[in-house]
Amino acid sequence: MIETVGIIGAGTMGNGIAQISAAAGLTVVMVDISDAAVARGVATIGGSLDRLVKKEKMTPDDRDAVLAHITATTDKSKLSSCDLVIEAATENEDLKIKILKDLCANLQPRALVATNTSSISVTRLAAATDRPDRFIGMHFFNPVPVMQLLELIRGLQTSDDTHAKALAFAQRVGKVAVTAKNSPGFAVNRILCPMINEAVFALQEGIASAEEIDAGMKLGCNHPIGPLALADMIGLDTMLSVMEVFYTGFNDPKYRPAPLLKEMVDAGLLGRKTGRGFYEYAKAG
């Protein structure tokens with residue numbers, strides 16, 4: 001049974017997973033490489049919980065109880081008590097493999113390991129660990145406290161017991177789980193990211209403006225947010241990384257990243273996190 005959850009990475013995805021796990025009454029250990037990164041992660045969780053208090057969806061005592069369930073640290077040895085550790089680092093395969101290889105020495109033998117990858121082969125990442133049968137993909141969606149879906153991805157080596165425990169964890173933290181096979185992009189991003197990439201091609205070719213493309217998809221297809229605004233939310237660098245995984249993994253030109261997407265990443269126009277992507281955003285602070 002999973003009662004203590006470790007999270008590698010205190011960024012957007014990591015602190016969101018920490019928040020929902022703590023809110024479900026689980027003990028959480030959130031680890032990052034620097035004190036500054038850890039502090040930012042805790043501050044983000046605190047701000048998210050404060051907004052829930054203001055909306056009267058949570059009491060101040062509930063907020064304090066959630067924060068009390070979270071230990072934020074740079075000390076990887078504190079993961080030794082965890083039943084499940086979720087890697088939530090940047091979408092970079094080499095980085096993830098390095099983290100996973102280093103991680104297992106700190107874990108108890110029965111601990112499960114998961115990756116929050118949105119596109120990288122779960123089978124390949126599992127092979128970097130000492131427990132491929134106890135490894136699974138757990139693809140959360142941003143923002144984690146709001147989005148209901150948790151996509152579970154079984155690698156070739158993932159055991160039925162690991163999958164069953166992952167399903168139970170999803171239910172515990174209030175998510176609806178769908179299970180996908182290990183294929184580039186899995187189920188959701190396999191459909192979503194090529195659609196966003198095609199919207200970038202449409203913009204690049206002057207078919208319509210960014211505002212018109214997004215309005216068309218919202219009003220004509222009932223999407224809650226347009227594809228270009230969604231790309232800005234995801235991060236254009238992340239979008240490019242996913243499309244490059246597709247292009248390489250399928251060896252199919254239909255997945256080639258839009259040149260405009262590549263050029264915007266080269267220019268450092270990454271979306272909301274830099275204040276400018278397909279749209280401009282007010283920078284925090």
Side-chain angles (χ1 to χ4, degrees), residues 2 5-22 24 26 28-33 37 41 44-45 70 72 76 79 82-104 107 111-126 128-129 131-132 134-155 158 162-163 165-167 169-170 172-190 192-193 233-235 237-239 241-242 245 273:
I2 295 168
V5 179
I7 296 153
I8 307 291
T12 300
M13 299 306 292
N15 67 57
I17 299 167
Q19 179 180 324
I20 63 165
S21 299
L26 296 165
V28 176
V29 180
M30 184 172 67
V31 177
D32 212 315
I33 57 173
T44 299
I45 295 169
I70 301 171
K76 291 186 292 185
L79 296 169
C82 294
D83 305 308
L84 165 68
V85 176
I86 303 169
E87 170 273 310
T90 303
E91 190 72 353
N92 176 291
E93 183 171 339
D94 290 341
L95 175 63
K96 287 182 182 291
I97 286 175
K98 182 180 185 303
I99 288 169
L100 292 168
K101 282 182 175 177
D102 293 343
L103 170 66
C104 292
L107 304 183
L112 304 183
V113 178
T115 176
N116 184 51
T117 184
S118 56
S119 62
I120 299 167
S121 169
V122 171
T123 295
R124 197 156 59 240
L125 293 177
T129 74
R131 60 197 72 204
R134 295 192 294 287
F135 189 93
I136 194 166
M138 287 186 178
H139 179 207
F140 291 85
F141 291 78
N142 184 30
V144 178
V146 176
M147 300 298 281
Q148 288 185 288
L149 184 67
L150 174 54
E151 191 176 29
L152 300 178
I153 304 96
R154 296 186 66 152
T158 305
T162 297
H163 181 244
K165 286 175 178 172
L167 283 170
F169 170 77
R172 175 80 179 268
V173 298
K175 300 301 180 189
V176 176
V178 299
T179 300
K181 68 180 285 189
N182 183 55
S183 177
F186 318 128
V188 176
N189 279 347
R190 171 75 175 273
L192 174 66
C193 293
M233 184 180 294
I234 293 168
D237 52 341
T238 300
M239 267 299 309
S241 294
V242 172
V245 167
K273 59 187 169 186

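Residues take their numbers from the sequence shown, with the count starting at 1.
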Decide yes or no for [X] and [Y]: does some side-chain heavy atom of the first lie under 4.5 Å from some side-chain heavy atom of the second?
| X | Y | answer |
| --- | --- | --- |
| V5 | I86 | yes |
| M138 | L84 | yes |
| M13 | F140 | yes |
| E87 | K96 | yes |
| Q19 | V144 | no |
| R131 | V113 | yes |
| V188 | F141 | yes |
| L26 | V173 | yes |

Main chain of [Y], side chain of [X]: is a donor-acceptor contact present, judged purely on distance under 3.5 Å?
| X | Y | value |
| --- | --- | --- |
| E91 | V242 | no |
| N182 | R154 | no |
| K175 | E151 | no |

Does the side chain to side chain donor-acceptor pair (under 3.5 Å) test come out yes or no for N189 and S119, once each step is laid out?
-> CA-CA 7 Å; N189 279 347; S119 62; over 6 Å; no
If you compare all heavy atoms of [X] against all heavy atoms of [Y], which two are closest, and at what distance to 0.1 Å?
| X | Y | answer |
| --- | --- | --- |
| A88 | I17 | CB-CD1, 4.3 Å |
| C82 | A111 | O-CB, 3.5 Å |
| L112 | T162 | CD2-OG1, 3.9 Å |
| N15 | G41 | CB-O, 3.7 Å |
| M30 | A18 | SD-CB, 3.9 Å |
| A37 | A10 | O-CB, 3.7 Å |

Quick one: pull up [atom1] in [X] and [atom2] in [Y] and give me the separation to the nearest 0.5 Å.
| X | Y | atom1 | atom2 | value |
| --- | --- | --- | --- | --- |
| L152 | F169 | CG | CZ | 10.0 Å |
| I120 | H139 | CD1 | NE2 | 11.0 Å |
| T123 | I153 | OG1 | CD1 | 10.5 Å |
| S21 | I7 | OG | CD1 | 5.0 Å |
| L100 | L125 | CG | CG | 6.0 Å |
| T115 | E93 | OG1 | CD | 10.0 Å |

Take V85 and L107 through the test side chain to side chain contact (heavy atoms under 4.5 Å, CB included) and record every step on the way to the result.
-> CA-CA 9 Å; V85 176; L107 304 183; 3.6 Å; yes
Does R190 have any salt bridge (Lys or Arg N to Asp or Glu O under 4.0 Å) partners at least two apart in sequence or in another chain, and if so, which?
-> none
Taking only Lys NZ, Arg NE, NH1 and NH2, and the carboxylate oxygens of Asp or Glu, determine whether K273 and D237 approach each other closer than 4.0 Å.
-> yes
Salt bridge flag under 4.0 Å for residues D102 and K98 = yes
Take atom CG in L95; do more than 12 heavy atoms of anything else shown fall under 6.0 Å from it?
-> yes
Results of ring-ring contact (aromatic ring centres under 6.0 Å, His included) for F186 - residues two or more places apart only | none
Between T179 and H163, is a side chain to side chain donor-acceptor pair (under 3.5 Å) present by the stated rule, with each step listed?
-> CA-CA 9 Å; T179 300; H163 181 244; 2.9 Å; yes
Verify side chain to side chain donor-acceptor pair (under 3.5 Å) between N142 and T12, making sure each step is shown before the conclusion.
-> CA-CA 8 Å; N142 184 30; T12 300; 5.7 Å; no
Side chains of N92 and S241: is there a donor and an acceptor less than 3.5 Å apart?
-> no
